[in-house]
Structure formats: structure tokens, C-alpha cells
Amino acid sequence: MRARRILAVMALLSGLAAGGMAPGQTGQTSPATGTGPLTVLSWGGAYERAQRRALFAPFTEATGIPVAVERYDGGLAALRRAVAEQNVPWDVIDMTRSEAMAACEAGLLEPLPADLAAPAPDGTPVERDFIDGAFGDCSLTHSVFATVVAYRTDAFPGRRPTEIADLFDQHRFPGPRALQRTPSVNLEWALLSYGVPREELYRLLSTRRGLSLAFARLAGLEERRWWETGSTPVELLLDGEVAMASGYNGRFFDAMAHRDAPIAILWDGQVQEHEVWAIPRHAPHPEAARRFIRFATASERQAALTRYIPYGPSRHSAMQGVTTHADSGIDMRLHLPTHPLNAGGAVIKDEAWYARSRTRIGELFRAALTAEPPTDD
């Protein structure tokens, strides 16, 4: 079976027709009407709970505009269909920057005005207060999150994983692995495990040799599980169904802080990515959507979000306001992926590379590892 899949990959490498990644589960109908609530697509779980407390409820309190939240798991297929039909039920989408770049290029998002964000509390202009790359034609970065590996602390008596290569070492660190059903991050980790320098990852992934090496490493994992929603890897670890799992750093932190989960995060190889706000084309309430984005990207709101989940703010002024976890009192600065103690072995995801190649790489990934048919995304 493995040989057939590798052969399929090589065939696709020789000439792949355009295809698409798996669609997000975003096709739900929205209650938004001409006078309805602002409808936001977000990612559920601990992340959405944090947003409700730090952003959505305060926005409603400040403006009187109610916020309805619908579930998003990534992908552009549902957005593409809704825009084509001019029947878009959402006002704001919380999406990754690479998908926002691809969606903007495809005309699926509204351009954002340059003066949308508010200045810092001390008057510092936004172009100096936001991190590099925060402003896109159709999106504005609000957080930096990381996909990391977490492991059960009782799975490997007498030793702990210390580097990302340990994810693939099932001799020293036995047990099933859970990985997200997407090429993103998995390909980077596979090449890091060979000792490829971080600065060479995307150059090598642009070659047949690099992709073949990465797919071979991933295919060599035994007892591998795929996940699609952010809460799944946490549950798999808590249930003892896997010994290591990829996932979002905030979800793992939430399990440790609120559920006393016996898990720890391996920061080496963390892949950092921008999370952005975007407004879909034909959104029913574009003015309210822009008002929400200005509110949610204000320095005090970004700092407030870190009191519930450890994602790095996109503003320097907000970083100065990071303090403790609202419920446990944990110092949140030490749990941000951007903290110097955690960021030493970080990979900065090349979102422009993914925006250009996501369809082709998605096809190759499915053919090599998941045996799934192409999608319309």
C-alpha cells in the first residue's frame, strides 16, 4: 500500500492538474439578516470561549450589536460557493493568513481600509505598533499562534522528548501519534527531522526530492491518527489513545490549566502562523464588521485575550499588557509561542508559499498519505 501511494505521489509530481484542499465545515446557514447579529466564523473550543469573554461580549456591551458565532475548521470551499451565489451568511472570518491571502487573490474577501486599526494607547501609529506583515490587502493579523507537539508526561518513563525529530522516533518514544490531516506543519517537521535547517525548508519543499523525503518520513510513522478539529488531539492525549499529538498551543495550555491534563508541550519546531480577521465579499453587515475588527484589534482587547488563551498579540503595545491567566493566575508570558524561551527553535510559516502552492501540495499530501479524493477547495 505504501509503495502504491509513493508511486501515486511521483505521478502527481510529474504533472498535477489543479485541485483543492479539503473544505472547511462552514456551510451552516447564518441567522444574520439585514438587521440581524454580526455573524463571526471562528474555530470553536477553548479558543472561541476565550474570544467570547475577551472580544464578543465586550463588543456587544460597547456597541449594542449582538454577535453570533458559527464554527469554522478552515478551507475556502464554502466561502467560494457563498460568494459565487452572492449569498454570504457571515460578516467576519477568523482565518489563517495563508488562506486569507489565497482568498483575497481569488476575490473572495473585501479589501480592508488602511486606517482600520486604532492607534496604540500612547498614540504610536499602527504601522509602528503592529508586527511585520500584519497588514494584508484583505486581512489584519490579530494573533500569532503555534502548532506544536504535545506528549503525555507518563508515556516515556525516565526521558522526555526534547527535539522535533523525537516525534518520528518511535523506538525511543513508542506509541501512536496524532497529526492534523493537512500538509502544513507536517512537511516542515518531516524535513526538520532529517536535520534540514529551518531557513532551507521551503526551498527544499519546492522540489520533488524535498517533498518525497517529507512524505517518506510521514509514511514511516506507525500507529498514526489524523485529526481535523482543534479539540481532537487534546482528547486523544487525555484518553491515552496516542502518546504524542500535534495541535494548537492554546488548546494544550487550556487542557493543562483547566483540566490538569498530564501533558507537556515540546516547543522545538513549533510552527508560528498569523491569525487574521477578514470580511467576506458580499458580507451582509460590512460596516459593523469593520467596526468589530477595529475594536478587536485594539491594544487592550488583544491583551485581554491573552488572559484566557496564550496566543501572541500582533501589537507591541498589547504585549506590554500581557499578565496572568484570568482563572488560574498563571503567568501567561511564559506560555506565549513568541516568548524568547519558547521561540528559539520556531519555524515561521511561509504563508505566501502556501498561498501559492496549497492546491498542488494538498493533492500530493492526500495521494501520498490519506488516500482521499480531491476536493473542490
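Counting from 1, the numbers follow the sequence of the chain as shown.
Counting heavy atoms from C-beta on, the side chains of Arg217 and Trp189 never come closer than 4.5 Å. Using a 4.5 Å heavy-atom threshold, the side chains of His335 and His339 count as separate. Between Tyr354 and Thr96, the closest side-chain pair of non-hydrogen atoms is not below 4.5 Å. Using a 4.5 Å cut-off on side-chain heavy atoms (C-beta onward), Leu79 and Trp90 make contact. By the 4.5 Å heavy-atom criterion applied to side chains, Glu228 and Asp73 are not counted as neighbours. At least one side-chain heavy atom of Trp353 sits less than 4.5 Å from a side-chain heavy atom of Leu205. The shortest distance between side-chain heavy atoms of Leu76 and Arg358 falls below 4.5 Å. At least one side-chain heavy atom of Val148 sits under 4.5 Å from a side-chain heavy atom of Trp267.
Not one N or O on the side chain of Asn342 forms a donor-acceptor pair closer than 3.5 Å with the backbone of Pro337.
With salt bridges taken as basic N to acidic carboxylate O contacts below 4.0 Å, one links Glu200 and Arg203.
A donor-acceptor pair shorter than 3.5 Å cannot be found between the side chains of Ser314 and Thr141. Under 3.5 Å, the side chains of Asp129 and Ser317 contain a donor-acceptor pair of N or O atoms. Trp227 and Ser246 are linked by a side-chain donor-acceptor pair at a separation below 3.5 angstrom, with hydrogens and angles left out of the test. With no hydrogens or angles considered, a side-chain donor-acceptor pair links Tyr202 and Glu188 at under 3.5 Å.
Put simply, the residue from Asp254, Ile330, Thr306 that forms a side chain to side chain contact (heavy atoms under 4.5 Å, CB included) with His325 is Ile330.
Note: Tyr311 and Trp43 fail the aromatic proximity criterion, with ring centroids not under 6.0 Å apart. Tyr248 and Tyr47 have their aromatic ring centers separated by at least 6.0 angstrom.
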*Could you please spell out the steps behind the salt bridge (Lys or Arg N to Asp or Glu O under 4.0 Å) verdict for Arg159 and Asp166?*
CA-CA 11 Å; Arg159 63 180 61 178; Asp166 294 337; over 6 Å; no

*Tell me, with the steps shown, if Glu235 and Arg259 meet salt bridge (Lys or Arg N to Asp or Glu O under 4.0 Å).*
CA-CA 11 Å; Glu235 299 305 323; Arg259 303 169 68 177; 2.8 Å; yes

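The line from CG of Asp268 to CG of Leu167 is 11.0 Å long, rounded to the nearest 0.5 Å. A distance of 10.5 Å separates CG of Asp350 from CD of Glu273, quoted to the nearest 0.5 Å. Between the CZ atom in Arg291 and the CD1 atom in Ile65 there is a gap of 4.5 Å [rounded to 0.5 Å]. Between Ser139 atom OG and Ile93 atom CD1 the span is 11.5 Å, to the nearest 0.5 Å. Put simply, CZ on Arg290 and CG on Leu112 are 8.5 Å apart, with the number rounded to the nearest 0.5 Å. Within the model, atoms CD of Gln170 and CD of Glu222 stand 6.0 Å from one another, a figure rounded to the nearest 0.5 Å.
Counting heavy-atom neighbours within 6.0 Å of Glu105 CD, excluding the residue itself, gives a total of 12 or less.
Pairing each heavy atom of Pro280 with each of Val92, the nearest pair is CD-N, 4.1 Å. When all heavy atoms of Ala82 and Pro89 are compared, the pair lying nearest together is CB-CD, 4.3 Å.
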